[in-house]
Amino acid sequence: MPPRCQSRGQISSATCSRPQPASESTKRQGSTLVTHNPNAITALRSDLAGELRADDQGRRVAVCGWINARREHSQHLAFIDVRDHTGVVQCVVDNAHDLRSEYVVRVQATVTRRAAETVNPNLATGEIELKDCEVEVLARSDPPPIQIDARAGVDENHRLRYRYIDLRSERMQRNLRARALVNSALRAAMQRQGFVEVETPFLIASTPEGARDFVVPSRHSPGQFYALPQSPQLFKQLAMVGGIDRYYQIARCLRDEDLRADRQFEFTQLDAEASFVSQDDVLAFITEAVGDATEVVTSERTGEIPRLTWLEAMERFGSDKPDIRFGMELCDLTEVFATTDFNAFKAPSVKGICEPAGATKTRKQLDELTDKAKQWGAKGLVWMKVEPDLSLTSPVAKFLRDDEKQALVARLGAEPGDLVLVVADELARARHVLGLLRLELGRPAVNEGSLSFLWVVDFPLFEGLDETGAPIPAHHPFTMPNMADLELLDSAEPGVLLKVRSQAYDLTLNGWELGSGSVRIHRPDIQRKIFDLLGITPEEARQKFGFLLDAFGYGAPPHAGFAFGIDRLVALLVGEENIREVIAFPKTQSGADPLTGAPTAIDPRHLDELGLRLSPDPR
RNA sequence: GGUCCCGUGGUGCAGUUUGGAGUGCACGCUGGCCUGUCAAGCCAGAGGUCGCGGGUUCAAAUCCCGUCGGGACCGCCA
C-alpha cells in the first residue's frame, strides 16, 4: 500500500517525544504515520477508534480499546465494537466467540467504507468499518459488574465501588475531560492577568476558626498535630506580604463537615489574591476566569454578571445565595399587619410568598409544607388560597380584617388560583424559612435552564451575636469593613454593629455558592479594633494568628482575594446535579470510599509510634 | 444531632398498601442456531441469606422494633 498523504498533517518522528516502540512487533507501520490526531499515535496504535472517518478509507490502522459490544451472526460473520475515549468503531470479524465484553484488544485492520445500506448514521464512525482484522487480546475481563452503556441508572454505591469501570462511561469521560478543560482555561486566564501560581503546604497549623479540621498526628512530636488546610487563606495573604503581587492556585481544600450533593471533604478551589486592588478589580479578575471556563465547556460566553447587595438578596430571596432563575420573591407584609388583632402575626417581621397556581394543593400537602417550615425553625406557617373574587380561603381567614386581606393580596400581586404562604417571626427567621419554602415550591433542578451567575456584595461584617453579646464574623476576622461604615464600629449598640457592611462578596450560580472573597484588613489599627469587637484579646490574637500579625508589621500591601469551587462550577457547566459526578474518586455521604474501603483502622504499632491510644469504644 | 426516601439473582426494577410456595419484567451471563448487524435476533439454561438481627403470626420480601449501608435535605460548612 503506498503511503497516503492526509490533509490533516503529517507526523514526523521528530515531533513525537514519546518512548519508542518496545519491539519490532509493536512498531507502527510505515504508512500509518498519518493521522487525525498526533496524540493518537503510540507504540500500539495509529488512530483513535472514534476518530476514523470515510476519508481514511484504505488505510491500514491499529486501534486499541475495550470491546463495547459483540454481535455474532454465525460462525462466519460477527461484529465487535471497539471503544476508546473518543468513541466506538465497528470491526468485522469471522468469529468473535472468544472476544467478550470489556476485553482489551488491539485491532490492526483496513478502514473500509460501508455499503450504503449498512451505514449507521447514529455513529460518528458509521460510514466506515474495519475489515481484514487481526485482533490481539491484550487483557481479558470478567463480566463487568457495571454495563458501560447501561440503559437504566446504576446504584451509586455500586458505581463508586467499581469506579474504574464507571469511569469508562461516556458521561464520566465527558465530565472529567470538561473538568480538565476548565482547569487549563482557569490557569490560562489567571496567568494572562498576571497571576503567579504558588503552591502552599498541606500540613499546617490548626487554626481555631471555621470548619472542623482534618488533623494529622506528628511522629516527630507525639501529641502534636498538623491540620490539613481548609483553604490556603493565611498563606496567600503572606504571599502578598512577600511581594508576589498576584497569587493563584488550583488548591485542594479539606473540611471535616457533613457532606451534601455539593460538598465533599476534599474539594478544589481556584484560589486567588492580589495586591493594590479594589473589590471591583477582584470581581473583574474572577469574572474573566469564570467566563473563560464557561466558554470552554459550553461555547458560550457569560456576559456581565449581575450584582445584588446581600441585603437585597436576603429581602427578596431569603438567601445569601439566591437562585434568580425564577421569581416568587419574598414580600414584606409587616406594615400590612402592623395593627392586626391576629396574635400569630404580631411579630417583628411578617413576610410572604405567592406561588402562582399553587392553590390546587391538598390539605395533606399543605400540612407537609407546614411541617417543613417548623423543622426549618418557624413557629408555624399560614397558608391562604386565593379565590376567583380575590377573597382568601385559609384556616386563619376569620382572624384577619378585610382591609388586611385586601392589602395582602395587593402587596403580593396575588391572582386567583395562587397560594400564599406567610411566616411571622424574627426578621432573620422569616427570611430564612420563606427562602427555603420558595426553593421547595419553585426551584427548577439546579442543572436546568440557563446558567445564572450572580455576585452578592456588601455582606455584613457580623452575622449575629454570640451568647456573650460579642458579634460573630460573617466571613473571617481579616475582612475589611466598608470604609463608609467605619465609624459605626465605634458604636456600643449591637444593633448598629450588625449594620456594618464589609468588603466581602460571594459568587453564586443557580443557587449554589460558588465561592467568596473579601478585601483584607492590612491596617493594624483596624485589625485591632475588629479583634476587640470580636472579644479576641491581643494575647489570643497573638496565639491564633501571631505569624500573620507579625508579617503585617513589616509592610503589608492592601490586598483582596477570592476563591471558588471548581467542583461545583464544573458540575453545573456539564449539567450535573451532584459534584460526585465530576470527581474521579469521590466519597459517599458518610465519608467512606467504597472502592478503597477508607477510612480504615491502622496498625496498633503505628498508633504507638504516634503516641496515640484509642478510647475503649470509639463508636 | 434531626427529617424523609431507598435496600429483592451479576445489574436495574415490579411485587410490600390488603401476609399465603422466591412469583414476574428488562439487561447481563453460559450453551446452541443464524453471512450485514450495530443497545442484533431466535431457542435453551444457570443464577436468590428479599441488607442484617429480633418480634407478631399457622404462615413474613410484605406488619412491628432495632441495626447496617446508600441517597436528599435541616443543623453544621469563619
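No experiment lies behind these values; they were computed from the predicted model shown. First the proteins, then the strands, lettered A, B, ... as listed; each starts at 1. The figures here come from the full heavy-atom set of this structure, side chains too, leaving out hydrogens, waters and symmetry mates.
Judged as a side chain to side chain donor-acceptor pair (under 3.5 Å), and not counting sequence neighbours, A:T600 has no contacts. Residues passing the side chain to side chain donor-acceptor pair (under 3.5 Å) test with A:R501 are A:D485, sequence neighbours excluded. With sequence neighbours left out, the side chain to side chain donor-acceptor pair (under 3.5 Å) criterion links A:R168 to A:E102. By the side-chain contact (heavy atoms from CB on, under 4.5 Å) test, A:A601 is found to be paired with no residue, residues two or more places apart in sequence or in another chain being considered. Under the rule for a salt bridge (Lys or Arg N to Asp or Glu O under 4.0 Å), the partners of A:R113 that lie at least two apart in sequence or sit in another chain are A:E127. Taking A:R438 as the reference, nothing meets the salt bridge (Lys or Arg N to Asp or Glu O under 4.0 Å) condition, with sequence neighbours excluded. Taking the side chain to side chain donor-acceptor pair (under 3.5 Å) definition, one finds that A:D84 meets it with A:T86, sequence neighbours left out.
Counting to the nearest Å, the C1' atom of B:rA72 and the CD atom of A:E576 are 16 Å from each other.
RNA chain B lies under 4.0 Å from at least one heavy atom of each of the following residues of residues 258-271 of chain A: A:D258, A:R260, A:A261, A:R263. Shown for residues 361-381 of chain A: residues whose heavy atoms fall under 4.0 angstrom of RNA chain B, namely A:Q375, A:W376.
Between B:rU18 and B:rG45, the distance separating the two P atoms is 38 Å to the nearest Å.
Residue A:T479 is out of contact with every strand shown, counting any heavy-atom pair closer than 4.0 Å. Among the atoms of the strands shown, only primed sugar atoms or phosphate atoms (P, OP1, OP2) are found under 4.0 Å from some heavy atom of A:R580.
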Contact pattern, 5' to 3', of nucleotides 29-37 of chain B - B, S or - by protein heavy atom under 4.0 Å: SSSSSBBBB

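For A:R429 and B:rC74, the shortest distance from a side-chain N or O to OP1 or OP2 is not below 4.0 Å.
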Short heteroatom pairs, N/O only, protein and nucleotides 42-48 of chain B, under 3.5 Å:
none

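Within the structure, every pair that satisfies the salt bridge (charged side-chain N to carboxylate O under 4.0 Å, His left out) test and touches residues 533-542 of chain A, not counting sequence neighbours, is listed here: A:R542-A:D550.
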